[in-house]
Amino acid sequence: MLLRGTTGTPLPTSLHLPTATTYRHHPHSLSISASSSSSSSSATFPATPLSISDAELESRGFALHRDAASLDLDRLNAVFVAVGFPRRDPGKIRVALEHTDALVWVQQRRTEKPVAFARATGDGVFNAIIWDVVVDPSFQGIGLGKAVMERLVDDLLARGINNIALYSEPRVLGFYRPLGFVADPDGIRGMVYSRKQKKKK
């Protein structure tokens, strides 16, 4: 649904994503959009309270990242597979990250593994789509998914991007709704291109 509102392969240190101005002190298919009371693309929004602070994440043994410099792609791929995504070519993941506008991920300090991840692409001005929201199953239920989503949405809003969409499986809609995402309020339905041809009768 579309909603609006193993040897590791680390990325080269030269790969850094654009950074957003931050408000806080932080060093298959339904469409949902983040709701906003303003239609102005240049409007700024106050930061919402975090459900878990950066300090609390640190105290639990996690590190928060907003760039891909130390992200191990093989370990990220393992998280994708663990949540049911198909295994991806690390080279293609690297290219996708090079074209990513905003990124937030959480690393377990002890193992240096990524355990939660989300990214967004878009035009950098009006629109963004959130992709690849994943939490390692061993770390689900402790607020890491919400932590990355809150920060990613805040980073986008800080840039004045208020048309934020994502695709979600129906079974996880309940996760996104408290974060401000709703089925498109204008009734817009997401569509995907398919190469499957209808058989002629």
Side-chain angles (χ1 to χ4, degrees), residues 1-5 15-54 56-57 64-68 71 83 85 93 95-106 114 116-135 143-193:
M1 275 186 174
L2 176 63
L3 301 178
R4 283 187 29 160
L15 177 60
H16 293 279
L17 300 171
T19 56
T21 304
T22 55
Y23 287 115
R24 299 192 176 118
H25 303 290
H26 39 67
H28 279 292
S29 300
L30 162 74
S31 175
I32 301 179
S33 63
S35 26
S36 144
S37 58
S38 169
S39 60
S40 169
S41 62
S42 61
T44 57
F45 299 87
T48 54
L50 292 172
S51 58
I52 179 171
S53 70
D54 292 0
E56 189 175 352
L57 281 170
L64 189 68
H65 299 274
R66 281 188 165 78
D67 65 44
L71 181 57
V83 300
F85 288 10
I93 296 174
V95 172
L97 291 173
E98 289 169 353
H99 292 88
T100 291
D101 297 314
L103 167 71
V104 179
W105 63 283
V106 174
F117 177 92
R119 68 185 186 97
T121 60
D123 57 23
V125 181
F126 304 111
N127 305 292
I129 298 179
I130 295 175
W131 304 98
D132 301 330
V133 180
V134 293
V135 178
L144 297 182
K146 187 180 280 190
V148 295
M149 282 295 296
E150 288 170 342
R151 287 161 175 84
L152 185 60
V153 168
D154 275 358
D155 288 353
L156 294 170
L157 293 176
R159 299 177 194 194
I161 300 169
N162 60 13
N163 186 20
I164 304 169
L166 61 84
Y167 292 88
S168 172
E169 293 179 0
R171 65 185 174 83
V172 293
L173 291 178
F175 168 74
Y176 293 110
R177 286 192 176 114
L179 295 167
F181 288 86
V182 296
D184 193 295
D186 297 322
I188 297 170
R189 298 286 181 187
M191 298 180 74
V192 295
Y193 174 76

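Distance check: R151 CZ to S51 OG gives 7.0 Å after rounding to the nearest 0.5 Å. Here the OH-CD distance, from Y176 to E169, works out to 9.0 Å after rounding to the nearest 0.5 Å. Taken to the nearest 0.5 Å, the CZ atom of R66 stands 9.5 Å off from the CG atom of L103.
Residues M149 and L166 share a closest heavy-atom pair of CE-CD2, 4.0 Å. Summarising the geometry of L152 relative to A118, their closest heavy-atom pair is CD2-CB, 3.8 Å, with the distance given to 0.1 Å. A pairwise comparison of heavy atoms in L57 and A147 identifies CD1-CB, 4.4 Å as the closest pair. Of all non-hydrogen atoms in A120 and T100, the two that sit nearest each other are O-CG2, 3.4 Å. Between L156 and A102 the shortest heavy-atom distance is CD2-CB, 4.0 Å.
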Going through the checks in order, is the side-chain contact (heavy atoms from CB on, under 4.5 Å) test met by H65 and L71? CA-CA 9 Å; H65 299 274; L71 181 57; over 6 Å; no
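For the pair V182/R177, no side-chain contact is recorded, criterion being any heavy-atom separation below 4.5 Å from C-beta on. Residues I164 and F181 have side chains in contact (heavy-atom distance under 4.5 Å, counting atoms from C-beta outward). Two residues are said to be in side-chain contact when any heavy atoms from C-beta on lie closer than 4.5 Å; V153 and I130 meet this criterion.
For D132, the side-chain contact (heavy atoms from CB on, under 4.5 Å) partners at least two apart in sequence or on another chain are F80, F85, R88, F117, R119. Take V95 and apply the side-chain contact (heavy atoms from CB on, under 4.5 Å) test, not counting sequence neighbours, and it matches E98, H99. In terms of the side-chain contact (heavy atoms from CB on, under 4.5 Å) criterion, residue partners of A116 (sequence neighbours excluded) are, by chain and number, V106, V135, L144, V148. S53 pairs by the side chain to side chain donor-acceptor pair (under 3.5 Å) definition with nothing, not counting sequence neighbours.
Every pair tested for salt bridge (Lys or Arg N to Asp or Glu O under 4.0 Å) that includes a residue from residues 122-131 fails, sequence neighbours excluded, so the list is empty.
For the side chain to side chain contact (heavy atoms under 4.5 Å, CB included) criterion with N127, the lone passing option out of N162, N163, I161 is N163.
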